[in-house]
*Asks:* 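Dropping the structure in here first, questions after.
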Protein chains: 2
Amino acid sequence: MASQRAGMPRVTLADVAERAGVSTALVSIVMRDAPGASPQTRERVRQVAGELGYQPDRRARLLRSGRTRLLGVVFSVQHAFHGDLVTGLYAAAEKAGYELALSAITPQRDEQRAVAGLMAERCEALIVMSLDSSAAQLSELAARMPLVVLTRNVRDPDVDVVRNDDRRGLHLAVDHLVELGHRRIAHLDGGRAPGSAERRRGYREAMERHGLEAGARVVAGGVTEADGATAARELLADLPTAVTVFNDRVATGLLGVVRGAGLDVPGDLSVLGFDDDRLARLGYIDLTTVGQDAQALTELAVRRAVDRIEGRPVTHPHLVTPPQLVLRGTTGPVRADPGRMSGWGDA
Amino acid sequence: MASQRAGMPRVTLADVAERAGVSTALVSIVMRDAPGASPQTRERVRQVAGELGYQPDRRARLLRSGRTRLLGVVFSVQHAFHGDLVTGLYAAAEKAGYELALSAITPQRDEQRAVAGLMAERCEALIVMSLDSSAAQLSELAARMPLVVLTRNVRDPDVDVVRNDDRRGLHLAVDHLVELGHRRIAHLDGGRAPGSAERRRGYREAMERHGLEAGARVVAGGVTEADGATAARELLADLPTAVTVFNDRVATGLLGVVRGAGLDVPGDLSVLGFDDDRLARLGYIDLTTVGQDAQALTELAVRRAVDRIEGRPVTHPHLVTPPQLVLRGTTGPVRADPGRMSGWGDA
DNA sequence: ATGAAAGCGCTAACAT
DNA sequence: ATGTTAGCGCTTTCAT
């Protein structure tokens, strides 16, 4: 029950060395699996270290070797997708031989503070799932150390950006709906939210490519379920056969109202979201959506950070991953239109 | 563009000292706000430190002073509530003058690995939102360093436990439903999940207290939305007027199926969840639920960890916080029952 | 109030 | 293969 107390003696390299009857240098070699120790010595040192419950002190180790091999990660505890990204980062960092230092953004702890904590830890690079820092702040930070911004666009060439190709995501979405026979496809917009402009643009391009530009219709939406519910009412007034939506939360709000109004999804309206968040996967929501490839994003982010740390030349500051269409139950073939069509979008 | 590279010179205390024309000891004093420097010196040192962008190296600092003042935190990226807890821990730790070291559990990174990382960081105590470690493993860990287990019950007196009073949570839930006139109240169980036994017990006790034990009905559920959906079908076969549910995720799955079957909530069935996670707060879910007091939990956890670190005597190894009933839209008065009642739960 | 010097636990360079 | 030594950036005596 004698728990470790503040200032209590810890087992050190020297303790192990003494007990094993060798020098500390040798123990160090063994602990690091570095060459330069006989098999017998290795064996004995390991044995003693085990008995003593020795744990190398990362701080001392890194203080001495000058490097930390530490990647600082700033994420938000609120964002479910950040959890997926953190998961991927751990895996990617391990493969690259780096450790992660996590620093969370909370309602009371902003990005600045989170970053400051990681600086004091002597991270060699920062991977930031940025939310509230201005582009200027990010640029300033990038001048001090390698910075990779995940899932957000920043136009500074000194800032590395790894993000999903949202534009292409909407191409996929529209293509899918057109293939199902839809022509009257609306887009529920995300306003000024990050990514919104890209998605809107993708929607417009795809509609144009299919010769449906005349029927392109962008409806003001937002980022939350409530925004989706509000927009639903506008949509119901002049119903398209399908709608692409800024994100899954908005799509979910839309779904609630549409279904509540007695309409069948996808029979009367196909709905296609964006993000593939946990919500979309729920059985009773079962939303067709455009997903981001968390694994690709995180692997690229780590690779880029490591390239910068190790001084390798880098060609493009922006890395863009392909989106994936996740087919679920809210999109289906357009119903043989019994009535006449409203005034838009038919060729 | 001259980013920090591996092994590149960092600004050190010595740099600041030289530039300010004082000794490193003095700079150290100033940086730590320790007594023993004149106001002028303080001013100048701060100024120079600012110009040079000096950031103290936490590793070196703590290596020398022997203490890390670091609280290790193990949490899961999947659990939304863990995010709330991390938020609270940051605030509580800051007040106590400690820092947090975060280590996440992910699908590929178990509790063991998360803990090992924190040991190497020389955390002085661990606060663990435990999921998969056995009681034995936790006990072993507690023998090595102060350990606080958050939101889970462990019966080892050497392990400090801080948790919500789940039993009482279900008392509140049942009392509320009974007040609304419900008598046929079922409980959708969480199986072997942590907390499940407590909640089941609380349900049974409250039913008994209200003289409804004959009608107490525990339905096998689980921990996910899918489990809730499955159980919903069983529930529909013999519908109670209300149901308390192991957690909000299960309740959400249940809601989807129940509403999908054309039933009205709370008109035909009142549903009461547990956790008050972000899901429950969504407008279209709007789940009445039992919430845990994240702030109280985290403050107690930090205080307990610090007490152990600083060797203060502690009386109770278990700290239990009161739950809160969060009233939303899925519970309502029992409908005047037009038909006859099924075979259970009427006095 | 200020400075000199020792040393935290470890690794790296250089001996042997 | 093994040991010796120096020193990472900082805090902490102990002088002055």
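Naming: A, B, ... by sequence-line order, numbering from 1 per chain. Because the structure is predicted, anything quoted here is derived from the model rather than measured.
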*Asks:* What's the CZ-P distance between B:Arg67 and C:dG9, to the nearest Å?
*Replies:* 15 Å

*Asks:* Sugar-phosphate means primed atoms, P, OP1 and OP2; the rest is base. With that split, encode nucleotides 7-16 of chain D 5' to 3' as B, S or - using protein heavy atoms under 4.0 Å.
*Replies:* BBBBBB----

*Asks:* Whole-Å distance between C:dG3 P and B:Leu26 CG?
*Replies:* 5 Å

*Asks:* Can you confirm whether the side chains of B:His318 and B:Asn153 place a donor and an acceptor under 3.5 Å from each other?
*Replies:* yes

*Asks:* Salt-bridged, A:Arg308 to A:Asp158, with N to O below 4.0 Å?
*Replies:* no

*Asks:* Salt bridge (Lys or Arg N to Asp or Glu O under 4.0 Å) between B:Glu121 and A:Arg59: does it pass, once the steps are laid out?
*Replies:* CA-CA 7 Å; B:Glu121 290 283 354; A:Arg59 309 190 122 76; 3.0 Å; yes

*Asks:* How far apart are the C-alpha atoms of A:Val115 and A:Met119, what are their side-chain angles, what is the distance that settles it, and do they pass the side-chain contact (heavy atoms from CB on, under 4.5 Å) test?
*Replies:* CA-CA 6 Å; A:Val115 166; A:Met119 301 279 294; 4.1 Å; yes

*Asks:* For a side chain to side chain donor-acceptor pair (under 3.5 Å) check, start with the C-alpha distance between B:Glu51 and B:Gln47, then their side-chain angles and the critical distance, and finish with the verdict.
*Replies:* CA-CA 6 Å; B:Glu51 281 170 15; B:Gln47 158 103 20; 2.9 Å; yes

